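Report on the following structure.
The model shown is predicted, which means the values in this text are computed figures rather than measured ones. Read the numbers this way: they start at 1 and go in the same order the structure lists the ligands and their atoms.
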Amino acid sequence: MASLTSMTKVYHHAPYPAISPSNPKNNQAGRTVAITGGVQGIGYATAKAFIEAGAARVIILGRTSKTLQDAAEALQKTAKSTQVAWRVCDINSDESINNFWKSLASDHIFIDALVLNATSGEHGPITPMLPQMPALREMFNANVNGNALMTAQFLEQSKRHVQPQVLINISSAAAHVNPAPTQALYSSSKAAFASLLQHLAEEVDASTCQIVTIHPGLIPTENMLRVAHPDLKKVAIFDEGKCAQFWKIDCAKSC
Ligand SMILES: NC(=O)c1ccc[n+]([C@@H]2O[C@H](COP(=O)([O-])OP(=O)(O)OC[C@H]3O[C@@H](n4cnc5c(N)ncnc54)[C@H](OP(=O)(O)O)[C@@H]3O)[C@@H](O)[C@H]2O)c1
């Protein structure tokens with residue numbers, strides 16, 4: 001298994017006051033946040049952190065009404081002032097994505113911060129390659145094309161309402177770790193979308209939209225335990241509640 005290049009001087013293994021949702025400097029009052037894949041795992045924990053930080057509205061997105069409704073109800077119970085809502089939005093479907101943004105426009109809802117957290121598709125080796133082509137297409141359709149359409153629609157809002165925005169892309173160290181057995185489809189899709197956002201960030205003025213890509217750390221979520229290589233599972237040391245606080249600060253700084 002490959003080791004990771006250190007990007008920072010200090011590795012944190014627990015939240016600290018500067019990034020705490022209860023720190024008044026990170027207050028999210030007045031902001032509406034949408035999170036793809038907000039039903040469970042990292043997306044759900046991110047929703048909780050934004051609620052704790054006092055966001056005006058948190059909208060969780062996913063593919064199934066029932067699980068969304070249950071998750072939104074559980075989140076609402078943790079909220080003091082935040083309105084928690086849910087909407088169906090499948091990042092694998094252009095129609096579903098476009099319907100989601102149309103429904104927001106007709107309800108006059110502006111998304112201040114969008115967290116692109118959902119990931120879709122099966123992990124596995126890329127060989128033999130020909131039979132893997134449908135899986136490769138599916139992975140790229142969600143993680144690259146779907147996320148790109150979400151981003152485009154998010155930015156399009158500025159035509160009807162000018163307000164600073166923040167886009168948070170939950171990527172993965174897998175985007176740049178090599179070798180990473182059985183991760184070819186996932187890793188290459190994460191790398192492609194991170195690259196796309198890097199180029200987009202060059203063209204979009206940071207005062208209108210701050211674009212941030214983050215690796216959340218290794219967290220033993222349902223998805224991670226299902227798809228990860230056994231060596232990775234052994235070193236998953238965070239939980240999603242802790243890691244969700246690590247990126248909320250970026251939104252607080254730049255919104
Ligand atoms: N866990 C880790 O160690 C780790 C490490 C690096 C990066 N990440 C990244 O962190 C993010 C979250 O991972 P996780 O481990 O929390 O995953 P998870 O527990 O499996 O949660 C994924 C969420 O995405 C939703 N989802 C799946 N397919 C979707 C689709 N086509 N459209 C909309 N929503 C969809 C699922 O909800 P429904 O099934 O109800 O739609 C679920 O709520 C991913 O981008 C992942 O690549 C995780």
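In this structure, Ser187 contributes its side chain and Ala184 its backbone to no donor-acceptor pair below 3.5 Å.
With contacts defined as side-chain heavy-atom distances shorter than 4.5 Å, the pair Val177/Gln183 does not qualify. Between Ile211 and Asn169 there is no side-chain heavy-atom pair separated by less than 4.5 Å. For the pair Leu61 and Met150, the minimum side-chain heavy-atom distance is below 4.5 Å. At least one side-chain heavy atom of Glu122 sits under 4.5 Å from a side-chain heavy atom of Arg226. Looking only at side-chain heavy atoms (C-beta outward), Arg63 and Asn92 stay at 4.5 Å or farther from each other. Cys89 has its side chain out of reach of Trp101: every pair of non-hydrogen atoms, C-beta onward, lies at least 4.5 Å apart. Side-chain contact between Met224 and Ile219: absent, with no pair of heavy atoms (C-beta onward) separated by less than 4.5 Å. The shortest distance between side-chain heavy atoms of Thr208 and Ser158 does not fall below 4.5 Å.
Annotation: Asp90 places an N or O atom under 3.5 Å from an N or O atom of ligand 1; distance criterion only. Backbone and side-chain nitrogen or oxygen atoms of Ile42 are examined, and one is located within less than 3.5 angstrom of a nitrogen or oxygen of ligand 1.
Both the backbone and the side chain of Thr119 come within contact range of ligand 1, each with a heavy atom under 4.0 Å. Neither the backbone nor the side chain of Ala173 comes within 4.0 Å of ligand 1, counting heavy atoms alone. Under 4.0 Å from ligand 1, the heavy atoms of Tyr186 that appear belong solely to its side chain. Within the 4.0 Å heavy-atom criterion, the part of Pro216 lying near ligand 1 is the side chain and not the backbone.
When Ala118, Gly146, Ser189 are checked for heavy-atom proximity to atom 34 (N) of ligand 1, Ala118 turns out nearest. Of the options Val88, Ile170, Thr67, the smallest heavy-atom separation from atom 40 (O) of ligand 1 is shown by Thr67. Ranked by closest heavy atom to atom 5 (C) of ligand 1, the top entry among Ser172, Gly38, Gly217 is Gly217. For atom 37 (O) of ligand 1, the choice among Thr64, Val39, Ile35 with the nearest heavy atom turns out to be Val39.
Residue Gln40 approaches ligand 1 through these ligand atoms, each under 4.0 Å from one of its heavy atoms: 18 (P), 19 (O), 20 (O), 21 (O), 42 (C), 43 (O). Per-residue contacts place Leu218 under 4.0 angstrom from the following atoms of ligand 1 (heavy atoms of the residue considered): 3 (O). Distances below 4.0 Å separate heavy atoms of Gly41 from the following atoms of ligand 1: 16 (O), 19 (O). Counting atoms of ligand 1 from 1 in the listed order, those under 4.0 Å from a heavy atom of Cys89 are 32 (N), 33 (C). Each of the atoms 1 (N), 2 (C), 3 (O) of ligand 1 lies under 4.0 Å from some heavy atom of Met224.
Not close to ligand 1: Ser96, with no non-hydrogen atom less than 4.0 angstrom away. Ligand 1 is approached by Lys190 to a heavy-atom distance shorter than 4.0 Å.
Asp90 is linked by a side-chain hydrogen bond (donor to acceptor under 3.5 Å, both in side chains) to nothing, counting only residues two or more places apart in sequence or in another chain.
Shown are Ile214, Leu114, Thr46, Ile35; of these, the side chain to side chain contact (heavy atoms under 4.5 Å, CB included) with Ile168 is made only by Ile214.
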